[in-house]
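Structure first, then comments.
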Amino acid sequence: MAADSGAQQFPLPAILEYPSSTPPELITQGAEGRLYKSTYLLPSIPCALKYRPPKPWRHPVLDARLTRHRILSEARNLAKCRREGVPVPTVYATDESAGWLMMEWVAGGPVRAAINEWLQRRRDSEQAEGRSGDAIVEGTREEDADLVALLRRIGAAVGHMHKVGIVHGDLTTSNMMLRPWEKGKEPTNGHNVEGDGLLEGEIVIIDFGLASQSSSDEDRAVDLYVLERAFASTHPRAEKLFTAMLESAYKDAFKQAPIVLKKLEDVRMRGRKRSMLG
């Protein structure tokens, strides 16, 4: 999604000031950094550049150390995932001193947008049939097969990531992309060949700015809880189906899943107690 053309303009990192046939485009800006779309080596190779600008409110030495640590940590976690076959963007280049990380540009759109569009289509269809359009998605109808397949792919991708010892720290459907299948490489599990294509594509996990290397079952359970709560708030009609599919596919991808899912129950209980106590 392109940034608002009326948004405040900021100085570019030096790497993006070099002559290029593809002017960089500010895609999004957060509290810690900015994401630009540009090209890598050739105009035909799009890339994403994540830039952490200096923070004037922090001591310069501390700021430089924090920036260096976070850039290197994100690059290492992405590289480890990539080596182990977890679907994440490829790291092209880094300059931790300058505060940037250049990665593969992932084609496709965010999972969040695809699920919301699917749910809206379902609501429109139900309303056309004279129903309210607010029914909970149970996954039992034939037309639910696309969503069931997608949720299984999400569970498998997260399970694979946890298996290699990485916890994401900010799992949401906004931090997952649907990359179009490579020709002839569509998976047999979690792929609905009869669908309309809206929810088709490989799950690619992005934005590892809060990720860490951990083999703690507690950390993995918290990762799942964050995803579960984010999904419930973003796609409430499909919450029940998501929990069932996540746990099922997660178990298939990660042999320690039963231990993590038991921890997840404890994390859920703590979360409910905090909600009750305010």
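The shown structure was predicted, so the numbers you read here are calculated from the model rather than taken from an experiment.
- Follow the hydrophobic side-chain contacts under 4.5 Å out from Leu199 and you reach Val111 in the same cluster.
- Trp118 contributes atom CH2, which lies 7.5 Å from atom CZ of Arg237 (distance to the nearest 0.5 angstrom).
- Salt-bridge annotation for Arg179 and Glu104: present, with a side-chain N of the basic residue lying under 4.0 Å from a carboxylate O of the acidic one.
- Using cut-offs of 30° and 60° on the angle between ring planes, the pair His168 and Phe208 is perpendicular.
- Thr22 contributes atom OG1, which lies 11.5 Å from atom CG of Leu16 (distance to the nearest 0.5 angstrom).
- When side chains are defined from C-beta on, Leu151 counts as touching Leu147, because their heavy atoms get closer than 4.5 Å.
- Smallest separation of non-hydrogen atoms from Ser174 and Arg112: OG-CD, 3.1 Å.
- The shortest side-chain heavy-atom distance between Phe242 and Leu227 falls under the 4.5 Å cut-off.
- Remark: Arg70 CZ is packed, more than 12 non-hydrogen atoms of other residues, nucleotides or ligands lying under 6.0 Å away.
- More than 12 non-hydrogen atoms from other residues, nucleotides or ligands lie less than 6.0 angstrom from NZ of Lys55.
- In terms of heavy-atom proximity, Ala135 sits nearest to Ser132 at N-OG, 4.4 Å.
- A salt bridge does not link Lys251 with Glu247: none of the charged nitrogens is closer than 4.0 Å to a carboxylate oxygen.
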Using the side-chain contact (heavy atoms from CB on, under 4.5 Å) rule, take Thr172 and Thr234 through it: C-alpha gap first, then chi angles, then the decisive distance, then the call.
CA-CA 9 Å; Thr172 69; Thr234 309; over 6 Å; no
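- Taking 4.0 Å as the cut-off between side-chain N and carboxylate O, Glu265 and Lys262 do not count as a salt-bridged pair.
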Carefully, step by step, assess Arg220 and Ser214 under the rule side-chain hydrogen bond (donor to acceptor under 3.5 Å, both in side chains).
CA-CA 8 Å; Arg220 290 164 173 156; Ser214 173; over 6 Å; no
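- Met176 and Val167 are members of different hydrophobic clusters when ILVMFWY side chains are connected at heavy-atom separations under 4.5 Å.
- Side-chain contact annotation: Asp124 with Gln120, donor-acceptor N/O pair under 3.5 Å present.
- Residues Leu246 and Phe231 form no side-chain contact, since every pair of their non-hydrogen atoms from C-beta on lies 4.5 Å or further apart.
- Under the side chain to side chain donor-acceptor pair (under 3.5 Å) criterion, Arg76 pairs with no residue at all, not counting sequence neighbours.
- Counting all heavy atoms, side chain and backbone alike, Cys81 lies closest to Ile166 at SG-CG1, 3.8 Å.
- Ile203 and Leu241 fall within a single hydrophobic cluster, where Ile, Leu, Val, Met, Phe, Trp and Tyr side chains are chained together by heavy-atom contacts under 4.5 Å.
- Clustering ILVMFWY residues whenever any of their side-chain heavy atoms sit less than 4.5 angstrom apart, transitively, puts Tyr51 in a cluster other than the one holding Leu66.
- In this view, His162 and Asp223, Tyr250 satisfy the side chain to side chain donor-acceptor pair (under 3.5 Å) rule, not counting sequence neighbours.
- Taken from CG in Leu78 to OG1 in Thr90, the straight-line distance is 9.0 Å, to the nearest 0.5 Å.
- Of the possible donor and acceptor atoms, one in the side chain of Asn175 sits under 3.5 Å from a partner among the backbone N and O of Asp170.
- Between Met102 and Tyr40 the shortest side-chain heavy-atom distance falls below 4.5 Å.
- In this structure, His160 has its ring center at least 6.0 angstrom away from the ring center of Phe254.
- Grouping the Ile, Leu, Val, Met, Phe, Trp and Tyr side chains by contacts below 4.5 angstrom, directly or via other members, places Val61 apart from Ile71.
- Note: Tyr36 OH to Ile15 CD1 = 13.0 Å, rounded to the nearest 0.5 Å.
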Step by step, work out the side-chain contact (heavy atoms from CB on, under 4.5 Å) result for Leu224 and Leu261.
CA-CA 9 Å; Leu224 292 180; Leu261 294 175; 4.0 Å; yes
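- The nearest pair of heavy atoms linking Lys263 to Ala221 is CB-CB, 3.6 Å.
- Electrostatic pairing of Glu96 and Arg65 does not count as a salt bridge here, judged by no charged N lying under 4.0 Å from a carboxylate O.
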Would Leu171 and Ile205 count as a side-chain contact (heavy atoms from CB on, under 4.5 Å) here? Give the steps.
CA-CA 8 Å; Leu171 281 175; Ile205 305 174; 4.3 Å; yes
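- Nearest heavy atom pair, residue Ala249 against residue Arg152, reads CB-O, 3.2 Å.
- Here the shortest heavy-atom pairing between Thr94 and Ala75 reads CG2-CB, 3.8 Å.
- Side chains of Arg268 and Arg229 form no contact here, defined as non-hydrogen atoms less than 4.5 Å apart.
- Within the model, atoms NZ of Lys37 and CG of Leu49 stand 13.5 Å from one another, a figure rounded to the nearest 0.5 Å.
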Leu178/Leu150 under side-chain contact (heavy atoms from CB on, under 4.5 Å): CA gap, chis, key distance, verdict:
CA-CA 9 Å; Leu178 270 176; Leu150 173 66; 3.7 Å; yes
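- Of the possible polar contacts, one joining the Arg82 side chain to the Val88 backbone as a donor-acceptor pair under 3.5 Å is found.
- With salt bridges taken as basic N to acidic carboxylate O contacts below 4.0 Å, one links Glu117 and Arg121.
- Rounding to the nearest 0.5 Å places CZ of Arg122 at 11.0 Å from CG of Asp134.
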